[in-house]
*Asks:* 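The following block contains the structure, expressed as structure tokens.
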Amino acid sequence: MMRSYRLPTTANRGKLDAVAAVLPWWQRGLVHVQYLQVCKLKAGTAHLGWLGGQEAQSLPPYLSQRQWKSVVNQVNAALTSWRETAKIGLREMIRMQPLDDEKLREELYRINVYMAWWAKDNVIDARHGIVVSNQAMSISAMLVKEWLRRNPFPNLSRARTMAMDGPIAKVSTSTNSHAEFWVKVTTLEKRKPVNIPLQGYEYFNKADGEVRNFCQIHVSESGTVSFVLVKKSLPTPQRDRGESLGLDWGLKNTFATSDGQLLGRGLYRWLCQRDKELNELGATLQRQGICPSRSKRYLKLNLRIREHVRNEVCRVLNRLADKDIRELVVEELDFRMGGLSARLNRIMGRAGRAAVRAKFASIVQTHGITVTRVNPAHTSRCCSGCGYVDKKNRPSQERFMCRFCGKRLPADINAARNIRGRSADSNGHRGQSREQVLAEMDRLFRTRWRFEPTLLRERHARGCSTASSPQRRKPSRSTRTSPIRILHS
């Protein structure tokens, strides 16, 4: 298990400037190596690795060979992450393809497993003799082209983090009181490295693990240089006792739990205030002809928002992780599919989607808690008591009232209970469309209550009639849309 920690430094401005001067050439090297590696991928290469002999010898001289090695490793890590994400996305695209031939679909899945999207022949694994048809290869090429259009390769020209391995960023323990660690960083000047002192802190010192000979150096737009060290430790054993807790992530409440807790209630209000400040500042800068991305004040406010959200998310989830919890059941959310207003999309983007995902991954390793992801379809419209699904069950953002059984409770808590209950279903409905999930939930409701849910939704949609009088009449008992009373014999 690897965990990273940002450590403060007492280095003088001259040393920091020498380290920051490497970044432009590092970015240039990332783009150069990425071009070479992407060409190899599209030529049908299955595995990424070090550059070949001719390519390695033709690397430009603005970086040393040891620096080029770290650049190649950083590019390979970024492309590997992209390939894993593409593998998941293409699997969903294959599932949605209207194919009658199941054998063809199976071949597409096999190509996706081996990530042989740009293979030049039909043999995707010669060792095991796996061969696919020409039709499967052409469909796979079409799908990966569409995926690339939506999710292009990472733009490493904008990367401001330099992942330096031990040969160019040697980490050692300090033997004096000026610092706890020293990082010897190779600069652009040959045989003139700089020694950067780093100070530890209580949380870092108490964390389990051994400090690795590796350093991430981040240079912000404003020129601030920060240093990140990595600790390697064994993962915490998985918990086999405790309760299963459902989590609903929202705006008004950062998290709502299935046991009735509303956590992080002040974050949304704080985000709305900062969003207003950021928009006003952006409008002022545009009137002055200044690009917001070049304004130190704008960048500083953006950084403040991200840091605050990350701290708040980690604080809330750490409180939950310290309790007797065996499993966290969460939604598999993807906000790229649209459906939100421009303002909500902007706030959601600053509300720490990446921070939430990273913290869930960290909780698995540091606390041994299982994180189960389920399909989020209709969790906010379904009653956690009777299972009736209707969009009118949620008359407002905060309130939930079932139009079948009359159950009332906060909407986020109701959604969290549905999320927890969905973990007991086969695969949590993952991989199913919203229509498929609704059909399954209607079937379960019909079996349980002997009512037809589609007719109930139509009944609620009709409302009352005013055809017999120009005046608005009070609806009769037969046409009221109040909750249905269930009679027990």
Side-chain angles (χ1 to χ4, degrees), residues 4-31 62-63 67 70-71 74 78 154-164 168-169 179 181-183 185-189 193-201 203-204 214-230 267 270-271 273-314 346-347 349-355 358:
S4 57
Y5 303 86
R6 182 179 299 175
L7 269 63
T9 180
T10 56
N12 59 47
R13 191 68 250 177
K15 290 184 176 181
L16 297 179
D17 289 342
V19 173
V22 181
L23 179 65
W25 299 100
W26 192 276
Q27 292 173 328
R28 188 174 176 180
L30 291 174
V31 174
Y62 49 78
L63 294 176
Q67 289 172 328
S70 293
V71 168
Q74 185 171 345
N155 185 0
L156 297 182
S157 65
R158 299 181 180 179
R160 306 198 66 83
T161 298
M162 299 179 287
M164 295 188 173
I168 60 172
F181 296 94
W182 289 92
V183 182
V185 182
T186 302
T187 62
L188 296 177
E189 296 187 49
V194 294
N195 290 302
I196 305 295
L198 300 180
Q199 301 290 343
Y201 49 90
Y203 181 74
F204 171 79
F214 174 84
C215 183
Q216 291 181 349
I217 302 176
H218 180 80
V219 183
S220 66
E221 293 279 356
S222 59
T224 303
V225 184
S226 57
F227 300 85
V228 175
L229 296 187
V230 176
L267 180 60
W270 188 91
L271 276 174
Q273 294 171 354
R274 302 292 84 74
D275 181 69
K276 183 179 179 181
E277 292 178 15
L278 205 61
N279 289 336
E280 291 175 352
L281 177 59
T284 302
L285 292 173
Q286 288 182 355
R287 286 195 297 269
Q288 297 174 352
I290 302 174
C291 180
S293 62
R294 298 183 179 274
S295 168
K296 291 186 178 180
R297 183 182 173 190
Y298 188 89
L299 295 174
K300 187 176 181 180
L301 182 55
N302 251 322
L303 178 62
R304 179 189 171 195
I305 293 173
R306 289 196 298 270
E307 294 287 346
H308 181 85
V309 171
R310 181 165 57 247
N311 290 339
E312 183 67 11
V313 167
C314 292
R346 186 170 62 250
I347 293 176
R350 294 171 187 149
R353 291 197 296 268

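Residue indices begin at 1 and follow the sequence shown.
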*Asks:* List the residues meeting ring pair (Phe, Tyr, Trp, His ring centres under 6.0 Å) with Tyr5, not counting sequence neighbours, and say none if there are none.
*Replies:*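 Ring pair (Phe, Tyr, Trp, His ring centres under 6.0 Å) list for Tyr5, sorted by chain: Phe204.
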*Asks:* Of all residues at least two apart in sequence or in a different chain, which pass the ring pair (Phe, Tyr, Trp, His ring centres under 6.0 Å) check with His218?
*Replies:*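 So His218 forms no ring pair (Phe, Tyr, Trp, His ring centres under 6.0 Å) with any residue.
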*Asks:* Could you walk me through whether Val31 and Ser157 pass the side-chain contact (heavy atoms from CB on, under 4.5 Å) check?
*Replies:* CA-CA 6 Å; Val31 174; Ser157 65; 3.6 Å; yes
*Asks:* How far does NZ of Lys276 sit from CG of Leu271, to the nearest 0.5 angstrom?
*Replies:*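 If I round to the nearest 0.5 Å, the distance is 15.0 Å.
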*Asks:* Ignoring hydrogens, what is the shortest heavy-atom contact between Tyr62 and Leu188? Give both atom names and the distance.
*Replies:*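 Closest pair (atom of Tyr62, atom of Leu188, distance): O-CD2, 4.0 Å.
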*Asks:* Testing the basics here: between Ala169 and Met164, what is the closest heavy-atom pair and its distance to 0.1 Å?
*Replies:*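 Minimum heavy-atom separation between Ala169 and Met164: CB-CB, 3.6 Å.
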*Asks:* side-chain hydrogen bond (donor to acceptor under 3.5 Å, both in side chains) with Arg287: which residues, sequence neighbours excluded?
*Replies:*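 By the side-chain hydrogen bond (donor to acceptor under 3.5 Å, both in side chains) rule, Arg287 matches Thr284.
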*Asks:* Distance from Arg294 atom CZ to Leu285 atom CG, nearest 0.5 Å?
*Replies:*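 Answer for the CZ-CG pair, Arg294 versus Leu285, is 13.0 Å.
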*Asks:* Over all heavy atoms of both residues, which pair between Ile168 and Ser70 is shortest? Give the atoms and the distance, please.
*Replies:*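 Taking every non-hydrogen atom into account, CD1-OG, 3.3 Å.
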*Asks:* Would you mind writing out the side-chain donor-acceptor pairs for residues 15-26 within the sub-3.5 Å range, not counting sequence neighbours?
*Replies:*
| unit_1 | atom_1 | unit_2 | atom_2 | d |
| --- | --- | --- | --- | --- |
| Lys15 | NZ | Asn195 | O | 2.9 |
| Asp17 | OD1 | Arg13 | NE | 3.0 |
| Asp17 | OD1 | Arg13 | NH2 | 3.1 |
| Trp26 | NE1 | Gln74 | OE1 | 3.0 |

*Asks:* Which residues pass the side-chain hydrogen bond (donor to acceptor under 3.5 Å, both in side chains) test with Glu307, not counting sequence neighbours?
*Replies:*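 Scan of Glu307 (side-chain hydrogen bond (donor to acceptor under 3.5 Å, both in side chains), adjacent residues dropped) gives Arg310.
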*Asks:* Distance check, rounded to the nearest 0.5 Å: Gln288 atom CD versus Gln286 atom CD?
*Replies:*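 If we round to the nearest 0.5 Å, Gln288:CD and Gln286:CD are 11.0 Å apart.
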*Asks:* Apply side-chain contact (heavy atoms from CB on, under 4.5 Å) to residues Leu198 and Thr10 and explain how you reach the verdict.
*Replies:* CA-CA 7 Å; Leu198 300 180; Thr10 56; over 6 Å; no
*Asks:* Residues in side-chain hydrogen bond (donor to acceptor under 3.5 Å, both in side chains) with Gln199, at least two apart?
*Replies:*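 With neighbours one apart ignored, the set is empty.
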*Asks:* What is the distance from atom NZ of Lys300 to atom OG1 of Thr224, rounded to the nearest 0.5 Å?
*Replies:*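 It comes to 9.0 Å.
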*Asks:* Would you sort out whether Ile196 and Val194 count as a side-chain contact (heavy atoms from CB on, under 4.5 Å), showing the intermediate values?
*Replies:* CA-CA 6 Å; Ile196 305 295; Val194 294; 4.1 Å; yes
*Asks:* What distance do Arg28 atom CZ and Leu156 atom CG have between them, rounded to the nearest 0.5 Å?
*Replies:*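 Going from the CZ atom of Arg28 to the CG atom of Leu156 covers 15.5 Å.
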*Asks:* In this structure, which one of Val228, Val185, Val183 forms a side-chain contact (heavy atoms from CB on, under 4.5 Å) with Ile217?
*Replies:*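 Exactly one option meets the side-chain contact (heavy atoms from CB on, under 4.5 Å) with Ile217, and it is Val185.
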*Asks:* Can you confirm whether more than 12 heavy atoms, excluding those of Arg160, are under 6.0 Å from its CZ atom?
*Replies:*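 Buried by this count: over 12 neighbours within 6.0 Å.
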*Asks:* Would His308 and Leu267 satisfy side-chain contact (heavy atoms from CB on, under 4.5 Å), going step by step from the backbone distance to the final call?
*Replies:* CA-CA 9 Å; His308 181 85; Leu267 180 60; 3.8 Å; yes
*Asks:* Over all heavy atoms of both residues, which pair between Pro8 and Tyr201 is shortest? Give the atoms and the distance, please.
*Replies:*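 Shortest heavy-atom separation between Pro8 and Tyr201 comes out as CD-CD2, 4.1 Å.
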*Asks:* Once you round to the nearest 0.5 Å, how far does OG of Ser220 lie from CG of Leu303?
*Replies:*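 Answer for the OG-CG pair, Ser220 versus Leu303, is 7.5 Å.
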*Asks:* Output yes when a side-chain donor or acceptor of Thr9 lies under 3.5 Å from a complementary backbone atom of Pro197, and no otherwise.
*Replies:*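 Yes: the side chain of Thr9 pairs with the backbone of Pro197.
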*Asks:* Compare all side-chain heavy atoms of Cys215 with those of Leu229 and state whether any distance is below 4.5 angstrom.
*Replies:*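 The answer is yes, as the side chains (C-beta and beyond) meet within the 4.5 Å cut-off.
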